[in-house]
Amino acid sequence: MIRTHDVLIVGGGLVGASLAIALDGLPLDVAMVEATPPGDLPAVFDQRNLSLAAASVNALGALGVMQELRAPAGPIRRIHVSRAGDFGSVRLEASDYGREAFGQVVVARDFGEALEARLAQLPRLVRYRPARFVALEGEDGEARGVRLATAEGELQLRARLVVAADGTRSGLREALGIGTRTHDYGQTLFVARVRGERAPDGTAFERFTDSGPTALLPRGDRAFGVVHGVPTAQAAEVAALDEAGWLARIQQVFGWRAGRLVASGERSAYPIAAVVADELVAPRAVLLGNAAQTIHPIGAQGFNLGLRDALTLAELLRAHAGDPGEAALLQRHAQRRSEDRERTLAFSHGLARITGNASPLLRPLRSLGLLAADRAGWLQAWLVGGAMGFRGDVPELCR
């Protein structure tokens, strides 16, 4: 007999796992398809630094995930933004807005372990692992057929709602026939843990250059998380630098704002491209996270946006007593996500384009923009609201 699930989540990464946790307690049969076997974490849970906006911290605390972190998170108490070659800077203080922090910095692996610990507390969640999505079958008015590849062979399931949380190269999105718009930024991001002569003081630095953005994030282990963007044509050269050369490069970008940088861990490199789905929903299916939109990591908006996707869907399902794959419900989800999604996409893409443009004609305009953002209260408030994840129709758990 073919088993039918109310909700089948394809993908057990950041967003898929968060959705499974958010659905706990609902009268729904929920299952998750994961590529990794028990005891292993998905590859996304590596040494990257996740900047969790305040709205995300609120939600993950309510879901019991933050409490499972074994390593301390690093609070972002202030944000300093500048661009090489332009005058002016933006400085934002969380205390000016009655908050202790704008958000928290966590290491992806630590966060993955916290999610896994929380998932282990959900006795009703069915986990197919290791398993891989293979194909969709027809929709019979009540559920969709789904085929999985497992260690024991092919498995057939039915699902009233299928959730694509399987990342940028989503096989489920392709099977649904949903097209994408792609923009290659021609940049590669290097990520590393860097230690300085002095510990972070809660300041997150964002420094823009002609080559791309560089961020210095305050981790909870008294080190910095570095995210350094370079033109892809220079990626091999940067990867070949020894530790001293790498530290000198980062020091040159930031100057001495954070003091002397003295040691670095291993570097990882990630090419950057935006991939945006043309639709968020299809019959009995919905796209979340990177399957719905993979954006430039500038401003650290990606995971926070994907989490709000998942929490909005969970909120709608919590208020809906009927069919979880009902077309009207999925359309409400798409409508609710529209404003937040479009604003975040526009912010991320626009900031990446204007800050990385080397044209001297843009320098005075960018400088005036930095000065205005530093001095205009209303503009700062708008930037802070976006940075903390309070943009558009925010899920209740985020508030």
Side-chain angles (χ1 to χ4, degrees), residues 9-11 13-16 18-19 42-44 48 50-51 53 55-56 133 136 161-189 208 212-213 215 227 229 231-232 270-313 316 330-357 386-387 389-395 398:
I9 304 166
V10 178
L14 296 160
V15 173
S18 298
L19 175 63
V44 69
R48 274 175 285 193
L50 299 176
S51 250
S56 297
F133 168 79
L136 283 175
L161 174 61
V162 185
V163 178
D166 51 344
T168 304
R169 298 178 179 86
S170 170
L172 180 50
R173 182 187 63 217
E174 183 178 351
L176 290 166
I178 297 176
T180 59
R181 293 166 282 142
T182 301
H183 180 83
D184 186 347
Y185 288 98
Q187 295 175 351
T188 296
L189 286 190
F208 302 119
V227 183
T232 297
Y270 307 91
I272 301 303
V275 181
V276 181
D278 295 333
E279 304 288 343
L280 292 180
V281 298
R284 295 200 170 276
V286 60
L287 276 56
L288 303 180
N290 282 348
Q293 64 276 316
T294 300
I295 64 176
H296 196 293
I298 196 167
Q301 297 289 313
F303 168 62
N304 294 291
L305 180 62
L307 179 63
R308 295 195 295 273
D309 289 344
L311 296 176
T312 299
L313 179 62
L316 287 168
L330 298 184
Q331 285 302 319
R332 284 199 297 275
H333 171 80
Q335 290 166 4
R336 282 193 57 179
R337 295 307 303 139
S338 176
E339 181 183 2
D340 184 12
R341 183 178 191 245
E342 292 305 318
R343 284 188 179 184
T344 304
L345 289 172
F347 175 81
S348 170
H349 183 66
L351 194 59
R353 293 296 297 274
I354 195 169
T355 57
N357 192 316
F390 300 118
R391 179 186 285 121
D393 188 352
V394 179
C398 292

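- Note: Asp340 CG to Arg343 CZ = 9.0 Å, rounded to the nearest 0.5 Å.
- Nearest heavy atom pair, residue Ala292 against residue Leu280, reads CB-CD2, 3.6 Å.
- Between Leu307 and Leu14 the shortest side-chain heavy-atom distance does not fall below 4.5 Å.
- Evaluation of the salt bridge (charged side-chain N to carboxylate O under 4.0 Å, His left out) rule for Arg173 yields no partner, not counting sequence neighbours.
- The minimum heavy-atom distance linking Val394 with Gly389 is given by the pair CG2-O, 3.8 Å.
- A donor-acceptor pair under 3.5 Å links the side-chain atoms of Asn304 to the main chain of Ala53, judged by distance alone.
- Looking only at side-chain heavy atoms (C-beta outward), Pro297 and Val227 stay at 4.5 Å or farther from each other.
- Taking both residues in full, the closest heavy atoms of Phe390 and Cys398 are given as CE2-O, 3.4 Å, listed atom of the first, atom of the second, then distance.
- Not counting sequence neighbours, Glu279 has no partner by the salt bridge (charged side-chain N to carboxylate O under 4.0 Å, His left out) test.
- The minimum heavy-atom distance between Gln187 and Gly212, with the atom names listed, is NE2-CA, 3.7 Å.
- Between the Thr180 side chain and the Val276 main chain, no donor and acceptor come within less than 3.5 Å of each other.
- Without hydrogens or angle criteria, Asp309 side chain to Arg337 main chain gives no donor-acceptor distance under 3.5 Å.
- Across all their heavy atoms, Val44 and Gly13 have their closest contact at CG1-CA, 4.4 Å.
- Here Thr182 pairs with nothing under the side-chain hydrogen bond (donor to acceptor under 3.5 Å, both in side chains) rule; sequence neighbours left out.
- One distance of note links CG of Leu311 with OG of Ser18; it measures 7.5 Å at 0.5 Å rounding.
- Minimum interatomic distance between Ala277 and Ile178 (heavy atoms only, all atoms of both residues): CB-CG2, 4.1 Å.
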Between Leu176 and Leu287, does the side-chain contact (heavy atoms from CB on, under 4.5 Å) criterion hold? Intermediate values first, please. CA-CA 10 Å; Leu176 290 166; Leu287 276 56; 3.9 Å; yes
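- Listed by chain and residue number, nothing satisfies the salt bridge (charged side-chain N to carboxylate O under 4.0 Å, His left out) test with Arg169 (two or more places apart in sequence, or in another chain).
- Remark: the backbone N or O of Thr344 is not paired with any side-chain donor or acceptor of Ser348 at under 3.5 angstrom.
- Under the side-chain contact (heavy atoms from CB on, under 4.5 Å) criterion, Glu342 pairs with Ser338, Leu345, not counting sequence neighbours.
- With respect to Leu313, the side chain to side chain contact (heavy atoms under 4.5 Å, CB included) criterion is satisfied by exactly one of His333, Arg332, Arg336: His333.
- We find the CD1-CG distance between Ile9 and Leu288 to be 8.5 Å, quoted to the nearest 0.5 Å.
- Annotation: salt bridge (charged side-chain N to carboxylate O under 4.0 Å, His left out) contacts of Arg341 (sequence neighbours excluded): none.
- Expressed to the nearest 0.5 Å, how far CZ of Arg308 lies from OG of Ser56 amounts to 6.0 Å.
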Go through Val162 and Arg284 one step at a time and tell me if the side-chain contact (heavy atoms from CB on, under 4.5 Å) criterion holds. CA-CA 6 Å; Val162 185; Arg284 295 200 170 276; 5.7 Å; no
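- Remark: the backbone N or O of Leu172 is paired with a side-chain donor or acceptor of Asp166 at under 3.5 angstrom.
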